[in-house]
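See below for the structure under consideration.
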Amino acid sequence: MQNQGWDRRSILRLTGAAALLPLAQLEALAQGAAPLKLATIGAGNIGGTVGALWVKAGHDVFFSSLNPDELKPMVEKLGPRARAGHTAQAIASGDVALLAVPYRAIPDVAREHGAALRGKILIDACNATARRDGEELLALTKQKGIGLATAGFFPGVRVVRGFNSLGARVLA
Ligand SMILES: NC(=O)c1ccc[n+]([C@@H]2O[C@H](COP(=O)([O-])OP(=O)(O)OC[C@H]3O[C@@H](n4cnc5c(N)ncnc54)[C@H](OP(=O)(O)O)[C@@H]3O)[C@@H](O)[C@H]2O)c1
């Protein structure tokens, strides 16, 4: 896989820009730039929404979830730049992945896919709540700070926080 030379501007284009700019401006930003190969780990409210915005901005997006067959209608609607499959395939498809799973799933994702993610950029959209993810994980995120807690599960991976502070409907 080719390294796409990720600089500060490229990362901002993916994280801040998508959250702050209207779609028309995002599309303009994408014009002239080669399409990026992006993956989502989780394709629910956040993974599905952000991934769809990336597709609309002209990028190639490989969506993944535990049940990728259920993503077929979504990717068919999004067109040829969207694909769906298992998480290992999604990670292998590009240099940047969006992590959009319930926080309690992160240890499993890290165990199964941490090695494949090494050297890549992982955009962490995940937040922890006691009810969904358990007191122990919530306490870890509070103690270390949530970005550092996520990074601790993924040694050698360039973890950045993004898309975690706005609801999926607002992003859409
Ligand atoms: N919803 C929001 O507006 C919002 C805003 C900011 C941040 N967040 C954060 O974003 C994360 C995702 O929230 P969401 O609302 O998008 O959740 P969601 O709609 O329930 O989607 C979760 C996705 O993760 C997948 N998944 C679960 N375990 C997995 C695993 N081990 N490996 C691969 N994929 C796995 C699920 O696959 P299946 O469907 O096949 O089970 C599903 O596609 C959470 O941490 C949440 O706190 C959400």
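Counting convention: from 1, in listed order, for ligands and their atoms alike.
The shortest side-chain heavy-atom distance between L99 and F154 falls under the 4.5 Å cut-off. The shortest side-chain heavy-atom distance between V159 and F153 does not fall under the 4.5 Å cut-off. Side-chain contact between P35 and R81 is present, with at least one heavy-atom pair separated by less than 4.5 Å.
Ranking the protein heavy atoms by distance from atom 29 (C) of ligand 1 puts L66 CG, 3.5 Å first. Taking atom 36 (C) of ligand 1 as the reference point, the nearest protein heavy-atom neighbour is S65 CB, 4.3 Å. Remark: minimum distance from atom 43 (O) of ligand 1 to any protein heavy atom is reached at A43 N, 2.9 Å. In this structure, atom 3 (O) of ligand 1 lies nearest to the protein heavy atom A168 N, 2.7 Å. The single protein non-hydrogen atom nearest to atom 21 (O) of ligand 1 is G44 CA, 3.4 Å, given as residue, atom name and distance. Protein heavy atom closest to atom 1 (N) of ligand 1, with residue, atom name and distance, is N45 CB, 3.6 Å. In terms of protein heavy-atom proximity, atom 41 (O) of ligand 1 is nearest to N67 ND2, 3.7 Å. Protein heavy atom nearest atom 48 (C) of ligand 1, with residue, atom name and distance: I46 CG1, 3.3 Å.
Contact annotation: for L166 versus ligand 1, heavy atoms closer than 4.0 Å belong to the backbone alone. Residue contacts with ligand 1, taken as heavy atom pairs separated by less than 4.0 Å, involve A125 solely via the backbone atoms N, CA, C and O. Residue contacts with ligand 1 for R132 involve side-chain atoms from C-beta outward but no N, CA, C or O (heavy atoms, distance under 4.0 Å).
Residues V61 and G51 come closest through the heavy atom pair CG2-O, 3.7 Å. Counting all heavy atoms, side chain and backbone alike, A43 lies closest to M74 at CB-CE, 4.4 Å. When all heavy atoms of G47 and F63 are compared, the closest pair comes out as O-CE2, 3.6 Å. In terms of heavy atoms, S64 sits closest to L71 at C-CD1, 4.0 Å.
Short contacts between ligand 1 and P102, defined as distances under 4.0 Å to a heavy atom of the residue, involve ligand atoms 22 (C), 24 (O), 27 (C), 45 (O). Those atoms of ligand 1 that come under 4.0 Å of a heavy atom in V109, given as number and element, are 30 (C), 31 (N), 32 (N). Applying the 4.0 Å criterion to heavy atoms of G167 picks out, from ligand 1, the atoms 3 (O). The atoms of ligand 1 that sit less than 4.0 Å from any heavy atom of T87 are 33 (C).
For the side chain to side chain contact (heavy atoms under 4.5 Å, CB included) test with I41, the passing option among I123, I106, V101 is V101; the others fail.
Considering each of N164, V101, L171, the one bringing a non-hydrogen atom nearest atom 26 (N) of ligand 1 is V101. When the heavy-atom distances from atom 12 (C) of ligand 1 to A100, A105, S165 are ranked, the shortest goes to A100.
Looking only at distances, no side-chain donor or acceptor of Y103 sits under 3.5 Å from a matching main-chain atom of R132. In this structure a side-chain-to-backbone donor-acceptor pair under 3.5 Å is present from D124 to C126. Proximity of a side-chain donor or acceptor of D133 to a complementary backbone N or O of R104 within less than 3.5 Å is detected.
Distance screen at 4.0 Å: atom 39 (O) of ligand 1 has no protein heavy-atom neighbour inside the cut-off.
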